[in-house]
Amino acid sequence: MDWIENINWEQLLLNAGLIILKLIVTLIVFYIARAIGKRFIRNSFSKAQVKKKMSAGRTKTLQSLTISAFSYVLFFVTLVVVLGIFDINATGLIAGAGVVGLAIGFGAQGLVSDIVTGFFLLLEKQVDVGDYVTAAGYDGVVEEVGLRTMQIRSFDGTLNYVPNREVSSLSNHSRGNMQALVDIAIPYSDNIDNAVSILQTVCDEMKEKNSKIVEGPDVLGVQTFGSAEITLRIIAKTESMEQWAVERDLRKAIKEALDANNENPEITYAEKPQEE
């Protein structure tokens with residue numbers, strides 16, 4: 001027990017206090033640097049958006065990616081500082097990581113593939129934050145494109161984290177005008193010409209009221225023959241992401257117009273709207 005008596009408790013407590021103090025200061029500096037860095041990045045991209053006339057989605061995408069890369073670098077620097085506080089040679093650890101890097105290289109192929117794929121997604125401007133896309137079996141709006149993953153919010157509210165390497169193909173529904181389709185089923189006993197005339201009148205009025213409609217709406221005519229009804233199709237071109245709202249407005253206006261003319265329509269859903 002003599003070794004316990006020989007311990008300089010005062011010096012030990014002083015050293016422990018200094019280490020704790022250094023850790024606290026390091027963490028405070030880390031959080032301050034992160035907050036200042038994020039604010040600087042956001043301000044820089046806000047100015048670049050105005051100066052270079054970048055789209056809001058493109059700005060958010062590049063801003064998110066830059067913040068992600070900055071956070072990784074800042075975390076690594078902070079880790080090296082913390083190791084130095086405990087007198088751990090970070091250089092030796094990095095060298096050791098290089099030696100074992102070959103052994104774990106195959107296991108890291110997925111990470112490398114994520115980063116490379118994400119880089120080309122951004123370089124080729126395939127997707128921006130806010131775009132409506134179909135990728136890796138998910139359908140929804142892109143909320144974030146990072147170094148490793150893409151976040152897609154489905155229309156039921158589910159947030160899907162998709163590794164970039166799984167985006168083997170991507171359909172971007174936000175690049176160009178979209179089509180709004182509405183099918184109207186009327187009985188065989190109704191006068192087709194009269195129904196078409198009523199529908200086209202509604203379409204003309206809708207065009208005047210709704211600024212989101214780019215072209216149309218127009219009644220194409222008879223689409224299909226059913227067992228007890230004839231289906232008439234209406235088509236319109238709308239601004240991106242506005243096709244569903246236009247379809248809802250059309251259905252409401254058509255129902256009111258046909259009711260006023262003593263018709264008995266059955267409004268059915270058309271095929272999924274297609275990109276122009």
Side-chain angles (χ1 to χ4, degrees), residues 17-86 88 90-91 93-94 97 108 110-133 135-136 138 140-155 157-167 170 172-175 239-242:
L18 288 174
I19 290 175
I20 293 174
L21 181 61
K22 290 179 180 179
L23 287 174
I24 293 174
V25 172
T26 301
L27 291 176
I28 291 175
V29 172
F30 169 77
Y31 285 113
I32 292 176
R34 188 175 67 170
I36 294 175
K38 286 183 177 180
R39 179 176 295 181
F40 175 77
I41 291 171
R42 292 191 182 100
N43 291 338
S44 298
F45 276 101
S46 296
K47 294 177 181 178
Q49 180 180 0
V50 176
K51 185 178 296 185
K52 297 185 178 181
K53 297 180 180 180
M54 297 168 58
S55 66
R58 186 67 179 169
T59 302
K60 289 181 180 178
T61 302
L62 296 177
Q63 174 181 291
S64 175
L65 183 63
T66 304
I67 290 176
S68 178
F70 168 74
S71 299
Y72 282 123
V73 172
L74 185 61
F75 176 79
F76 177 77
V77 172
T78 304
L79 178 61
V80 171
V81 173
V82 171
L83 291 175
I85 292 175
F86 289 98
I88 299 175
T91 305
L93 289 178
I94 294 174
L111 175 61
V112 175
S113 179
D114 286 337
I115 295 175
V116 172
T117 303
F119 173 78
F120 281 106
L121 285 174
L122 294 171
L123 180 65
E124 297 174 358
K125 299 183 180 180
Q126 296 181 25
V127 62
D128 289 327
V129 171
D131 285 353
Y132 165 38
V133 302
Y138 296 102
V141 178
V142 176
E143 290 200 350
E144 183 177 330
V145 180
L147 289 174
R148 291 190 58 252
T149 61
M150 179 188 301
Q151 297 181 23
I152 301 176
R153 178 80 65 177
S154 298
F155 293 109
T158 304
L159 183 59
N160 307 290
Y161 293 85
V162 182
N164 290 334
R165 65 179 178 274
E166 293 187 6
V167 185
L170 184 145
N172 194 324
H173 307 288
S174 298
R175 302 293 173 85
E239 295 180 1
S240 179
M241 301 294 290
E242 297 295 336

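Note: hydrogens, waters and symmetry copies are ignored here, and every other heavy atom, side chains too, is used.
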A.B. asks: With sequence neighbours excluded, what pairs up with Glu144 under the side chain to side chain contact (heavy atoms under 4.5 Å, CB included) test?
C.D. replies: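 Side chain to side chain contact (heavy atoms under 4.5 Å, CB included) list for Glu144, sorted by chain: Ser64, Gln151.
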A.B. asks: Grab the two heavy atoms, one from Val145 and one from Val129, that are nearest each other, plus how far apart they are.
C.D. replies: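 So the minimum-distance heavy-atom pair works out to N-CG2, 4.5 Å.
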A.B. asks: Can you measure from CG (Leu170) to CG (Asp131) and round to the nearest 0.5 angstrom?
C.D. replies: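 Output value for this atom pair is 8.5 Å.
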A.B. asks: List for me each residue that meets side chain to side chain donor-acceptor pair (under 3.5 Å) alongside Ser154, sequence neighbours excluded, and say none if there are none.
C.D. replies: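 For Ser154, the residues satisfying side chain to side chain donor-acceptor pair (under 3.5 Å) (neighbours in sequence not counted) are Asn160.
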A.B. asks: Angle between ring planes, Tyr132 versus His173, binned at 30° and 60°: parallel, tilted or perpendicular?
C.D. replies: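 Plane angle between 30° and 60°, so tilted.
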A.B. asks: Check side chain to side chain donor-acceptor pair (under 3.5 Å) between Arg153 and all other residues, then give those that pass, not counting sequence neighbours.
C.D. replies: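 Only Glu143 meet the side chain to side chain donor-acceptor pair (under 3.5 Å) criterion with Arg153.
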A.B. asks: Can you find a pair of side-chain heavy atoms, one from Gln126 and one from Val167, that are under 4.5 Å apart?
C.D. replies: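 They are not in side-chain contact.
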A.B. asks: Kindly list each side-chain donor-acceptor pair under 3.5 angstrom involving residues 20-45, sequence neighbours excluded, with atom names and distances?
C.D. replies:
unit_1, atom_1, unit_2, atom_2, d
Thr26, OG1, Lys22, O, 2.7
Asn43, ND2, Arg39, O, 3.2
Ser44, OG, Phe40, O, 2.8

A.B. asks: Out of Thr78, Val80, Val73, which residue meets the side-chain contact (heavy atoms from CB on, under 4.5 Å) rule with Phe76?
C.D. replies: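 Of all the options given, the one that passes is Val80.
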A.B. asks: Please tell me if the side chains of Val133 and Tyr138 come closer than 4.5 Å, counting only heavy atoms from C-beta onward.
C.D. replies: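 No; the side chains remain at least 4.5 Å from each other.
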